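Notes to accompany the following structure.
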Amino acid sequence: MAQSLDRLKESPSQTAGPYVHIGLTPNFCGIGVYQSDLGSTMVNGETKGERIELRIRVLDGTGTPLKDALIEIWQADASGLYNSPAEMRGAADPNFLGWGRQPTDMETGICRFQTIKPGRVPFRDGRLMAPHITLWIVARGINIGLHTRLYFADEEKANAEDPILARIEHRLRVPTLIAERQGDTYVFDIHLQGEKETVFFDS
């Protein structure tokens, strides 16, 4: 006899705990199940475009880096094409994964991605968006993954034309989406709370 479903209740939500890292980055946890953790390498020697490093920290309301966060990124290739079956504008660079996953360092709270600077992609109305990278963040205290974008400080003209940046209600918070350049590295802090709270987008 089938169980009546009208008595079932949603179980309480919980934070991700250690299982996110064990399941998604086993080599980082010292389990060593695979040759490398999925998403740890985005580029190879044949990847087209400007090589960059992203240095990302996730900060809590006190400004303290979270040392157990996990970050995934998605981005277009140097020509503005996505490595996806849904990409209808052309063939993306076969030597660029377009997706990466890194845990934050358990000592410093910093994670690093070796990638390329993305090209501009069209908004749904055809206007070009500024070069950007989409980030997804999970950590202790985050029951539902947060997602935001990272834009580049040295793309002022493109940023000024970007339809997403233009739509953000609180224009004073746009700087929370801008990564600063230091040599070949872009530095980006994600603030979960406080006056500098990063702009997060609906999933």
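Everything numeric in this text was worked out from a predicted model, so none of it was measured.
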> According to the side-chain hydrogen bond (donor to acceptor under 3.5 Å, both in side chains) rule, which pairs have a member within residues 31-40, sequence neighbours left out?
Replying inline: N27-D37
For the atom pair [atom1] ([X]) and [atom2] ([Y]), what is the distance rounded to the nearest 0.5 Å?
{"X": "L192", "Y": "I190", "atom1": "CG", "atom2": "CD1", "answer": "7.5 Å"}
{"X": "I56", "Y": "I73", "atom1": "CD1", "atom2": "CD1", "answer": "6.0 Å"}
{"X": "F113", "Y": "L135", "atom1": "CZ", "atom2": "CG", "answer": "7.0 Å"}
{"X": "T115", "Y": "I133", "atom1": "OG1", "atom2": "CD1", "answer": "5.5 Å"}
{"X": "R51", "Y": "Q114", "atom1": "CZ", "atom2": "CD", "answer": "9.0 Å"}
{"X": "M42", "Y": "Q102", "atom1": "CE", "atom2": "CD", "answer": "9.5 Å"}

Can you check whether [Y]'s main-chain N or O pairs, donor with acceptor, with [X]'s side chain at less than 3.5 Å?
{"X": "Q75", "Y": "I116", "result": "yes"}
{"X": "N83", "Y": "F96", "result": "yes"}
{"X": "S84", "Y": "A86", "result": "yes"}
{"X": "T148", "Y": "V199", "result": "yes"}
{"X": "E197", "Y": "H191", "result": "no"}
{"X": "T47", "Y": "N95", "result": "yes"}

> Do E50 and R181 meet the salt-bridge criterion of a basic N to acidic O distance under 4.0 Å?
Replying inline: yes
> Does D77 pair with K117 as a salt bridge, N-O distance under 4.0 Å?
Replying inline: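 Salt bridge absent between D77 and K117.
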Is it the case that one hydrophobic cluster holds both [X] and [Y], taking links as side-chain heavy atoms less than 4.5 Å apart, direct or via other members?
{"X": "V187", "Y": "I178", "result": "no"}
{"X": "V43", "Y": "L81", "result": "no"}
{"X": "F123", "Y": "L128", "result": "no"}
{"X": "V58", "Y": "I110", "result": "no"}
{"X": "L59", "Y": "F188", "result": "no"}

Which heavy atom of [X] sits nearest a heavy atom of [Y], and at what distance?
{"X": "P118", "Y": "P131", "answer": "O-CB, 3.3 Å"}
{"X": "G49", "Y": "A78", "answer": "CA-CB, 3.7 Å"}
{"X": "R101", "Y": "L24", "answer": "NH1-O, 3.4 Å"}
{"X": "A153", "Y": "E180", "answer": "CB-OE1, 3.7 Å"}
{"X": "G119", "Y": "A76", "answer": "O-CB, 4.3 Å"}
{"X": "V138", "Y": "G145", "answer": "CG1-CA, 3.7 Å"}

> Do you know which of T108, T104, D189 makes side chain to side chain donor-acceptor pair (under 3.5 Å) with R57?
Replying inline: D189
Distance-only donor-acceptor pairs under 3.5 Å for side chains of residues 158-166, two or more places apart:
from	atom 1	to	atom 2	distance (Å)
N159	ND2	F152	O	2.9
N159	ND2	E155	O	3.3
E161	OE1	R120	NH1	3.3
E161	OE1	R120	NH2	3.0
E161	OE2	K157	NZ	2.7
D162	OD1	Y151	OH	3.2
D162	OD1	I164	N	2.9
D162	OD1	L165	N	2.9
D162	OD2	A130	N	2.7

> Run the side chain to side chain contact (heavy atoms under 4.5 Å, CB included) check on V121 and R89 step by step: do they pass?
Replying inline: CA-CA 10 Å; V121 300; R89 296 171 294 130; 4.0 Å; yes
> Is the CG atom of D184 crowded by more than 12 outside heavy atoms at less than 6.0 Å?
Replying inline: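 Not buried by this count: 12 neighbours or fewer within 6.0 Å.
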> In terms of heavy-atom contacts, does CD of E53 have more than 12 from other residues, nucleotides or ligands at under 6.0 Å?
Replying inline: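 Enclosed.
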> Of the options L54, I71, D105, which is the one that meets C111 in a side-chain contact (heavy atoms from CB on, under 4.5 Å)?
Replying inline: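 By the side-chain contact (heavy atoms from CB on, under 4.5 Å) criterion, C111 pairs with just one of L54, I71, D105: I71.
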>> Less than 4.5 Å apart, side chain to side chain, heavy atoms only: is that true for T185 and I52?
In response: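 Side chain of T185 against side chain of I52, heavy atoms only: no contact under 4.5 Å found.
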> Does the side chain to side chain contact (heavy atoms under 4.5 Å, CB included) test come out yes or no for W74 and Y82, once each step is laid out?
Replying inline: CA-CA 9 Å; W74 294 269; Y82 291 105; 5.9 Å; no
> Given F201 and L177, is the side chain to side chain contact (heavy atoms under 4.5 Å, CB included) satisfied, shown in steps?
Replying inline: CA-CA 11 Å; F201 298 91; L177 301 176; 4.1 Å; yes
> Linking Ile, Leu, Val, Met, Phe, Trp and Tyr by side-chain heavy atoms under 4.5 Å, what else ends up with M106?
Replying inline: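 Same cluster as M106: F28.
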> Given H147 and F200, is the side chain to side chain contact (heavy atoms under 4.5 Å, CB included) satisfied, shown in steps?
Replying inline: CA-CA 6 Å; H147 101 265; F200 296 109; over 6 Å; no
